[in-house]
Protein chains: 2
Amino acid sequence: MNQRFLAIAEALKPALTKRHIALDNADKRPLKDGESQTFDFGNHYVGYLTLSLSFQGSHPDCPALIRVRFGETLRDVEEDTSDYRSWISRGWLQEETVHVDVLPCTLVLPRRYAFRYVKVEVIAVSGKFSLVIEGLTAETVTSAPEEIAPAGGSELARRIDKIALRTLSECMQDVFEDGPKRDRRLWLGDLRLQALANYCTFAHNSLVKRCLFLFAATADETGRISACVFTEPEVAPDDTYMFDYSLLFVNALEEYLAATGDAETAKELLPLALKQLELARSHMTEWTVDDSDVLGWCFLDWDLTLNKQAGAQAVYISAAKAAARLCRALGEDASHPERCAEEASKAAVKAFYDEELGLFVSGKDRQVSYASNVWFVLAGVFGQEKNARILQRLKAFEGAVKPVTPYMYHYYIEALIESGLKGEAEEVMLAYWGAMAEQGADTFFELFDPDRPDASPYGSRAANSYCHAWSCTPSYFLRRYFQS
Amino acid sequence: MNQRFLAIAEALKPALTKRHIALDNADKRPLKDGESQTFDFGNHYVGYLTLSLSFQGSHPDCPALIRVRFGETLRDVEEDTSDYRSWISRGWLQEETVHVDVLPCTLVLPRRYAFRYVKVEVIAVSGKFSLVIEGLTAETVTSAPEEIAPAGGSELARRIDKIALRTLSECMQDVFEDGPKRDRRLWLGDLRLQALANYCTFAHNSLVKRCLFLFAATADETGRISACVFTEPEVAPDDTYMFDYSLLFVNALEEYLAATGDAETAKELLPLALKQLELARSHMTEWTVDDSDVLGWCFLDWDLTLNKQAGAQAVYISAAKAAARLCRALGEDASHPERCAEEASKAAVKAFYDEELGLFVSGKDRQVSYASNVWFVLAGVFGQEKNARILQRLKAFEGAVKPVTPYMYHYYIEALIESGLKGEAEEVMLAYWGAMAEQGADTFFELFDPDRPDASPYGSRAANSYCHAWSCTPSYFLRRYFQS
């Protein structure tokens, strides 16, 4: 652990803004075994809950046993989770079973939750009394500044912006979290997009700096940066390393410098950024990324059917180009990253570009996907016009593996913009995020496939996160590209 | 609420003696979903639990979801409670489901439990880590003085005494509780027996005084004493009133005076004691107790098949005689309670004594039970010899309703002793409590029917309490009668 980097990160730990939201229960109906009441806080919140409980009937003669469920969506609290089957831990379900020994009482739940809805179910009282819920109080937390100016544009655009801003601010805590329900921690791919949206909205730039230093502090002995950093009980890297996420450290750092002008930080972290390019080559033969069946070796999108080889190559090129820009901006020699980009681009065309299709393909089965082609467009292997044609062909290509997350959608929209297809980019954005808004989203989701609204890579919809930072970038697009 | 009585009671609130018992987990095997580990503290304890938890494998990437179960017996923690069916609340089951967000950690459970065994089950971790239980620490609480001299006698007698003393001391908390698992509160019938055992063992007589004043303070506007008093969140009477329990206030007060010589307390509470005799008459026609089908109107024993009419009459006579003794001891006029005892005795013989059987019978079906006959023996309606014959006939009478609780067994033994059948009394005591000891009891049970070890008036064995104060009286019998 690099203690100097850690000290810098920890010194930047933000104060959290706390707000209290009291919800009086107008309908104080007495609850018996199996009965419940659901409360709506009216918007998505991250924070703590206190319940004010009393009783009706005789003096309680046994502990009241209750279940408190928290939902980012109404369905979260309505769904039967007793037969929850998912490879992701049941521990993520936001539900507590609590004994209440003394009534009336103020029940303070010590854990943090992400919620709009709270359902209180009575599992057991006795025949002599009923539980009455007097009211609930939420103490909300965020490290985002209070208010920022809304984006302009159509009513839909402004609605999307509002939801995106809330998504981002809910994820701004001690670090930029991926999602306040799950995993509640700092992931590099997510950070990059959060930072982009942050620069043109909340501009809480010291939080980006803190996160960059947390990744830097927890690089392993070879300099490899983890995909994810834990901060509790102490700062520690996850032992999950992903080809693309490590490389995106370079892009994130370059964008940080561009947004803030903080050359000191950029200089300090440049060697580690360049190190990621070097380390990536252990996955390459000459200048071409090897194919791999290892689950999760490279992320790109939350799709287990996606072949990652070509996309990984493109991310490498993108990172190398970002490194070159970074070096040039800092007055450092950029020739090495420039050469990396060049060699990898040449190799990419040879290995992955299918002249006949006019598209990039990936893996031994020559899979056509948005992920591969979008990333090659972003990597700038070809010029703008050819890239635009690639994106048009991709759209027309039946069977192309489509994006399943707002994360991949972000890159698709960015690619459309960079290829001069700004109008189409805006359409895609409004359609995709607009569909979530139409569903009544208070915050944008981790996963959203308009054709399969119940889809979950975890095997259960209940495991999905409905406030996920990587879906906050409409606020970035609207301000940077679409608001003129 | 009588504030003067309440102030006296509250001033006598005892300090609790706390002890820490650390249990290191020698077998620190890593636990996955569905795996568990059971710990044995080696004896019955009342108190709080802290768990020291860590992990094996990768840094925990989700909350660990665990269930902690507490058992007074090993079976308590082994039994499947998922299909718990009982008319008594599930809230009494000593099990907690807890999310552990950060590992390693010290998990402090805030509630008090009664336990020897603790089972920790992992409901969910993730594929990346396992839970490790490093150790457990119990903080035990009691208001009983540290140690008292053991009773003499046979090895079995001494074993029984030790278990009985532990039963009593575990139930000595802020008040004399009926049982530290359930109901964890002050019941009058239980108090009477606890006080008797206490006088000749721990002699924590101010705790008896406190409890008498708690009952007195919470008498209703007519002076009627509740069967049970709550102390949390504030002192309050239960709205359960039982014919025998209210009357036993008289006996308990008279025995308190005899044991302590505290005439001031006895004088202060005498009017309320006499009031119970008066109020009892609302259940009587002339001098005979009415029969009643109202569930729980009179306790006697935990047996819903038991007809209470005759037993209630006998309790009335017993209380009237105790009131008379109390008056005489305090130099007050005893003629009224003396007359009550006399008239009720005459009426009892007429209404309930079956000359042909030579036994008391109860209710319109003329039920023969231990409860009715034992209480008439204790009430002294007949002389010692006739009483002895009644008890012998009772034993021989096929179909007599037998005692099901140590509470009723206590009165049976007391009746044998008062009838000059001390040898048989000792035999019964050694056989009944000895059978629990043989089963490995650390404390004596709420319910024990040697022929039906799984019986429960609650419909589920899991609801039973296995440390119940009303079964502590062997320590009283051994010291008062059998230790010469």
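This structure is a prediction, so every number in the text was calculated from the model and none was measured. Chain letters run A, B, ... following the sequence lines, proteins first and then strands; every chain starts at 1. As a basis for the values below, the full set of heavy atoms in this structure was taken, side chains included, without hydrogen atoms, waters or symmetry mates.
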Inset, instruction - With a 4.5 angstrom heavy-atom cut-off, could you sort out which part of B:Val125 is near chain A: side chain, backbone, both or neither? - result: backbone

Inset, instruction - Tell me, for B:Leu103 versus chain A, whether the close heavy atoms (under 4.5 Å) come from the side chain, the backbone, both or neither. - result: backbone

Legend entry - More than 12 heavy atoms of other groups within 6.0 Å of A:Lys18 NZ: no

Legend entry - CG/A:Asp80: more than 12 non-hydrogen atoms of other groups inside 6.0 Å: yes

Nearest 0.5 Å, please: how far is [atom2] in [Y] from [atom1] in [X]?
{"X": "A:Leu65", "Y": "B:Glu95", "atom1": "CG", "atom2": "CD", "result": "8.5 Å"}
{"X": "B:Phe129", "Y": "A:Ser89", "atom1": "CZ", "atom2": "OG", "result": "7.0 Å"}
{"X": "A:His59", "Y": "B:Thr240", "atom1": "NE2", "atom2": "OG1", "result": "11.5 Å"}
{"X": "B:Cys62", "Y": "A:Arg184", "atom1": "SG", "atom2": "CZ", "result": "11.5 Å"}

Any side-chain heavy atom of [X] within less than 4.5 Å of one from [Y]?
{"X": "A:Asp101", "Y": "B:Arg112", "result": "no"}
{"X": "B:Pro233", "Y": "A:Pro104", "result": "yes"}
{"X": "A:Asp33", "Y": "B:Arg90", "result": "no"}

At a heavy-atom separation under 4.5 Å, does [X] approach chain B through its side chain, its backbone, both, or neither?
{"X": "A:Ala236", "answer": "side chain"}
{"X": "A:Pro60", "answer": "backbone"}
{"X": "A:Leu93", "answer": "backbone"}
{"X": "A:Ile123", "answer": "side chain"}
{"X": "A:Arg185", "answer": "side chain"}

Legend entry - Closest non-hydrogen atom pair, A:Pro63 against B:Gly91: CG-O, 3.6 Å

Inset, instruction - Return the option, out of B:Asp183, B:Asp239, B:Thr97, with the maximum number of heavy-atom pairs under 4.5 Å with chain A. - result: B:Asp239

Legend entry - Among the listed options B:Glu232, B:His99, B:Lys128, the residue most often paired with chain A at heavy-atom distances under 4.5 Å: B:His99

Legend entry - Options A:Val102, A:Asp238, A:Asp61, ranked by heavy-atom pairs under 4.5 Å with chain B, top entry: A:Asp61

